[in-house]
Novice: 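Just passing along the structure, written as structure tokens.
By convention in this document, chain letters (A, B, ...) are assigned in the order of the sequence lines, proteins followed by strands, and residues within each chain are numbered from 1.
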Amino acid sequence: MTTPPQETVNTHEDRYHPQPIEEKWSAAWQKDSQLYVAEPPSSAKKKYYVLEMLPYPSGALHMGHVRNYAIGDALARYMWMRGYNVLHPMGWDAFGLPAENAALKNNTPPREWTLANVASMKAQMNRLGFSYDWSTEVTTCLPDYYRWNQWFFLKMYERGLAYRKNSKVNWCPECATVLANEQVIDGCCWRHEDTKVEQRELEQWFLRITNYAGELLNDLDQLESWPEKVRTMQRNWIGRSEGATVDFALEHAGPVAEKISVFTTRIDTIFGATSLQLAPQHPVVAGLIANNPELLAKVDALISEQRSAKEAGEIGPVEKNGVFTGAYAINPFNEEQLPIWVANYVLMEYGTGAIMSVPAHDERDHEFARKFGLEVRVVVLPRRTSEPPESGQEEAPMLTSTSEESLLINSGDFNGLSNLDAQKKMSQHAEEHGFGKSAVSYRLKDWGISRQRYWGTPIPILYCEKCGVVPEKEENLPVLLPEDIEITQQGGSPLSRLPEFANARCPKCGGTARRETDTMDTFVDSSWYFYRYTNAKLNTAPLDRDTVDYWFPIDQYIGGVEHAILHLIYSRFWTKVMRDMGLISNSEPAARLFTQGMVIKNGAKMSKSKGNVVSPDDMVARYGADSTRMYALFAAPPDRDLDWQEQGVEGVHRFLGRVYRFFMRQAQPKNTQGNARLPGELSAEARKLQRKMHQTIAKITRDFEGRWHFNTCIAAIMELVNELYAAEPLIYSGKIPVQLIAEVQRSLALLLAPFAPYLAAELWSVLGETGVLLKQPWPPFDPALAKEESVEVPVQVNGKIKARIIVPADSSEGFTREQAMADTKVIAAIDGKELLKAIVIPGRLVNIVVR
RNA sequence: GCCCGGGUGGCGAAAUUGGCAGACGCACGGGACUUAAAAUCCCGAGACCGGCAACGGUCGUGUGGGUUCAAUUCCCACCCCGGGCACCA
């Protein structure tokens, strides 16, 4: 039996000081270069690839990073302890504009600035105790990596997936570069929320992501372990519409064109078309009005109106406007003459840039028709309506959804068909007669990757005076980004002002050529980095197929929901392209995706401008890494937003101190009596503690396997520790055997390992253990020992609790009912009333219904 | 306008299958230890009403209705907050 210590309260030495403990273990772990290194694919273990989104090396981690990585690290450590072969890599999304801005401000070369940031953020990560395998570290701004961006680009160029076109692009004056559509938010730059994006015409390189639109959409159905929210956002972004194209012949076929092709999802309403509407930029327009300067001016006005609306950041519908061209087209279904208009609400970028206007059944067409006095003709009637309204009436359009049962009228041979049948029959009819066919249109556009910036991957293309566009030869890769460059305030591509870079020889003919001086969008870098981790030092290829086949798909990808469309669509696209190139076998990068909530403070996202930024370094200095990480997991379930409250961190710190002090007082090290077998008979109090331990292990194990409610996992550990404190006095009286305390302590150290790895390691060594916690088996639990022996069952009378009875946990329904009915309070409550029924849920509750 | 989330004590939250609403923690109150404070340990606590008290009663998960012996949980309608998309034919 142990003697009670003289001082049961804490001595000075008992105090929990995380700094020395964490620094000691951090140093030890960093010295062990093999600690977090995964085994090769030949390993007999099952593989597990856990990945967190790589950060941009801005200079310092923020709390969002800490939360993201705390989740991933807990999972990685758990999977290790479960005996998996875990790949847990980290890298740096190291190209990008901030490096150039910093260069301008501090006169530091971008590379130097970036790599210094990498070093300090890596130190922060190591101080926080994240279990990354640095042997596979990827830094995207280094030639070892970006040469493969160039290599992929050349392969895509060969396959027709990379092409160049003159196009209207989104231009951010602040960044002085082009933005992808995905980077324009509410008409403003994604990096400069107050800067309106302008439209400019430039020669740009594009990747043909639209070739994969259908597959990107369909495969979302297989990604069952991705958040529904992300899948929905991607679906909306891809924006598939099923319909048909129909060709309308021009009444007077001119030199410009003979017909106008329109896209419609409602071919069933084609007899209701009373005009054609063209986008102002539609190529036919210029020909139609070429000899009418007045109309030309009006169309120009429409275009500049559109542009200024977009530049003003106006989203959504604006006042409808249009111009009649004076020309007519023939509706191929009824030979009717339709006036051809140019309208501001028709988008050149979508469908064919031309529509048939059906004012009776489309809100926008209706608004336009009313403004300009065009005919409104009803051709589809919902089943619920009996009488067709009169033609030309001024009411609101009869919007009928395709799913609604409705019938065609005023539609010639197609009268009486339901709209769904009509859609099929009319598309067929059009196809048979050669003036149309069913078609699918997507909202998704090709990915513009050219950036007029310095700090990015050079696009490996040359422009030869004789040969035109010539790709760089594969053996000449990488096209190195020159590093002795002066960054200036001037807009445009800095590389174009560097003759030694821009002036080159044509790889084909050896003649004078100009090198492409734009660089690639940095989202190219992050589209495939997770493949590189599997063999980061390979210098003959971007990846090794067998190794990738072993590790992929990623078992768990974790990151912020802000990447739901940008990064996560590009990554899926890149994966499919790589598969089609025969480089990999998988069609999707990640089997499971988890998007954690934002870290907010005082109800708002942390930002410098709001002055509510909490620095991780500060938290680590004050409370330690364990407390900081554990609070990030404890304060809210990981998928929800987390409001950072420093007092909460303090609370977690207090809890860890409570654990630490218990071990300091009561440690039952290995090779002492604490290690002996438990006595056969346990007191009720000892059973209670033992039961709590098994319940806690069971709960946490289940959560890691599914729900990931780490907040309640940590709460469960706290409950176990509270139970230990309650049991402590009973150690001295012998009611609780020290062998049991030893068992609980071992489990506790193991359970803490994913959440507070430093303290867990310290406690493990206090127990006289020398092995690395990561390699210890996760503690097992015995369901029989976790089971309660007796339970308190509330007894309700008409739904109000009147008594509580204690019965053995496995009591039958009959026994529970008997016990309930025998309770004096229950007898009093039902006295003199008619018993209607009694519902008994064994082990849960009894409800007696009386009248 | 359309599509996702969410709404529970003073605060962060819990309730895994329709079965005791508020676990765990913060803040708060009380006690122990201390010359004192900090730290620590123990106890209390949803709101309201009655009672010196043990205790008893009523209300309570955004609002209104419904199903059920029983609803934070299921159904219908609505309100508010956050996010995404938005003239996509």
Novice: Kindly assign one of parallel, tilted or perpendicular to the pair A:Phe333 and A:Phe271, based on the angle between their ring planes and the thresholds 30° and 60°.
Specialist: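 The rings of A:Phe333 and A:Phe271 stand perpendicular, inter-plane angle above 60°.
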Novice: Within the 4.0 Å heavy-atom criterion, would you say A:Asn847 contacts the bases, only the backbone, or no part of the nucleic acid?
Specialist: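 Answer is base: heavy atoms of A:Asn847 come under 4.0 Å of a base.
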Novice: For B:A14 and A:Arg707 - does any side-chain N or O of the residue sit under 4.0 Å from the phosphate oxygens OP1/OP2?
Specialist: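 Checking A:Arg707 against B:A14: no side-chain N or O falls below 4.0 Å of OP1 or OP2.
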Novice: Measure the distance from CG on A:Asn798 to C1' on B:U68 and round it to the nearest whole Å.
Specialist: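 Rounding to the nearest Å, CG of A:Asn798 and C1' of B:U68 are 14 Å apart.
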Novice: Which base sits across from B:U61 as a Watson-Crick or G-U pair, both distances under 3.5 Å?
Specialist: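 Pairing partner: none.
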Novice: So, does A:Arg658 get its side chain near the phosphate of B:C24, meaning an N or O under 4.0 Å from OP1 or OP2?
Specialist: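 No, no such contact exists.
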Novice: How long is the line joining CD1 of A:Ile806 and C1' of B:C20, in whole Å?
Specialist: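 Those two atoms, CD1 and C1', are 13 Å apart.
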Novice: Side chain of A:His709 only, heavy atoms from C-beta on: which candidate in B:A14, B:U16, B:C87 is closest?
Specialist: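 Taking heavy atoms from C-beta onward, the closest nucleotide is B:A14.
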Novice: Hey, can you tell me if A:Tyr725 and A:Phe662 have their rings parallel, tilted or perpendicular (30° and 60° cut-offs)?
Specialist: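 Taking A:Phe662 first and then A:Tyr725, their aromatic rings sit tilted (interplane angle of 30° to 60°).
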Novice: Which one, B:C20, B:A39, B:A13, comes nearest to the side chain of A:Arg844?
Specialist: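 Out of B:C20, B:A39, B:A13, the nucleotide with an atom closest to A:Arg844's side chain is B:C20.
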Novice: Does any N or O in the side chain of A:Asp639 come within less than 3.5 Å of the main-chain N or O of A:Phe594, such that one atom is a donor and the other an acceptor?
Specialist: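 No; zero donor-acceptor contacts below 3.5 Å.
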Novice: Please confirm whether the shortest side-chain N or O distance from A:Arg654 to OP1 or OP2 of B:A27 is below 4.0 Å.
Specialist: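 Answer is yes, contact under 4.0 Å.
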Novice: Grab the CD-C1' distance between A:Gln596 and B:G83 for me, whole Å please.
Specialist: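 Result: 15 Å.
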Novice: For A:Pro227, which contact category applies under a 4.0 Å heavy-atom criterion: base, sugar-phosphate, or nothing?
Specialist: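 Since no nucleic acid heavy atom lies under 4.0 Å of A:Pro227, the category is nothing.
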Novice: Starting from P on B:G19, measure out to CD1 on A:Ile848 and report it in whole angstrom.
Specialist: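 In whole Å, B:G19 P and A:Ile848 CD1 are 20 Å from each other.
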Novice: Where the side chain of A:Val849 is concerned, which of B:G19, B:G12, B:C69 is the nearest nucleotide?
Specialist: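 For A:Val849, the side-chain atoms sit closest to B:C69.
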Novice: Measure from CE on A:Met664 to P on B:C41 and round the result to the nearest Å.
Specialist: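 It is 15 Å, rounded to the nearest whole Å.
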Novice: Is there, by distance only and without an angle test, a donor paired with an acceptor across the side chain of A:Arg235 and the base of B:C3 below 3.5 Å?
Specialist: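 There is none.
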Novice: For the side chain of A:Ala636, counting heavy atoms from C-beta on, which of B:C24, B:A39, B:A13 is nearest?
Specialist: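 Selected nucleotide: B:A13.
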Novice: How many Å lie between CG on A:Leu845 and C1' on B:U17, as a whole number?
Specialist: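 Taking CG of A:Leu845 and C1' of B:U17, I get 15 Å after rounding.
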Novice: Can you check the distance between B:U67 and B:A23, where both ends of the measurement are the P atom (answer in whole Å)?
Specialist: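 To the nearest whole Å, 32 Å.
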Novice: Any side-chain N or O of A:Arg661 less than 4.0 Å from the OP1 or OP2 oxygen of B:C41?
Specialist: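 Result: yes.
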Novice: Separation of A:His653 atom NE2 from B:G25 atom C1', in whole Å?
Specialist: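 So the NE2-C1' distance, A:His653 to B:G25, works out to 15 Å.
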Novice: Both A:Phe634 and A:Lys802 contact RNA chain B. Taking the nearest nucleotide for each, which residue is further toward the 5' end?
Specialist: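 That would be A:Phe634.
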Novice: Which residue lies toward the 5' end of RNA chain B, A:Gly648 or A:Tyr725, if each is placed at its nearest nucleotide?
Specialist: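 Residue closer to the 5' terminus by nearest nucleotide: A:Gly648.
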Novice: What orientation do A:Trp341 and A:Phe368 show, parallel under 30°, tilted 30 to 60°, or perpendicular over 60°?
Specialist: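 Rings of A:Trp341 and A:Phe368: perpendicular, over 60°.
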Novice: What is the distance, rounded to the nearest whole Å, between atom NZ of A:Lys825 and atom P of B:G56?
Specialist: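 The distance from NZ of A:Lys825 to P of B:G56 comes to 6 Å, rounded to the nearest Å.
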Novice: Which of these passes salt bridge (Lys or Arg N to Asp or Glu O under 4.0 Å) with A:Glu728: A:Arg661, A:Arg658, A:Arg665?
Specialist: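 Looking at A:Arg661, A:Arg658, A:Arg665, the match for A:Glu728 under the salt bridge (Lys or Arg N to Asp or Glu O under 4.0 Å) is A:Arg665.
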Novice: Do any side-chain nitrogens or oxygens of A:Ser241 fall under 4.0 Å of OP1 or OP2 in B:A89?
Specialist: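 Result: yes.
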Novice: Aromatic rings A:Tyr660 and A:Tyr16: how do their planes relate, parallel, tilted or perpendicular, breaks at 30° and 60°?
Specialist: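 A:Tyr660 and A:Tyr16: tilted rings.
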Novice: For B:G9, decide between syn and anti, treating a glycosidic angle within 90° of 0 as syn.
Specialist: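 Base orientation: syn.
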Novice: Is the distance from OP1 or OP2 of B:A14 to the nearest side-chain N or O of A:Asn711 less than 4.0 Å?
Specialist: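 Looking at the OP1 and OP2 atoms of B:A14, one of them is under 4.0 Å from a side-chain N or O of A:Asn711.
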Novice: Taking N and O atoms by type only, does the side chain of A:Lys229 place a donor or acceptor under 3.5 Å from a partner on the base of B:C3?
Specialist: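 No pair found.
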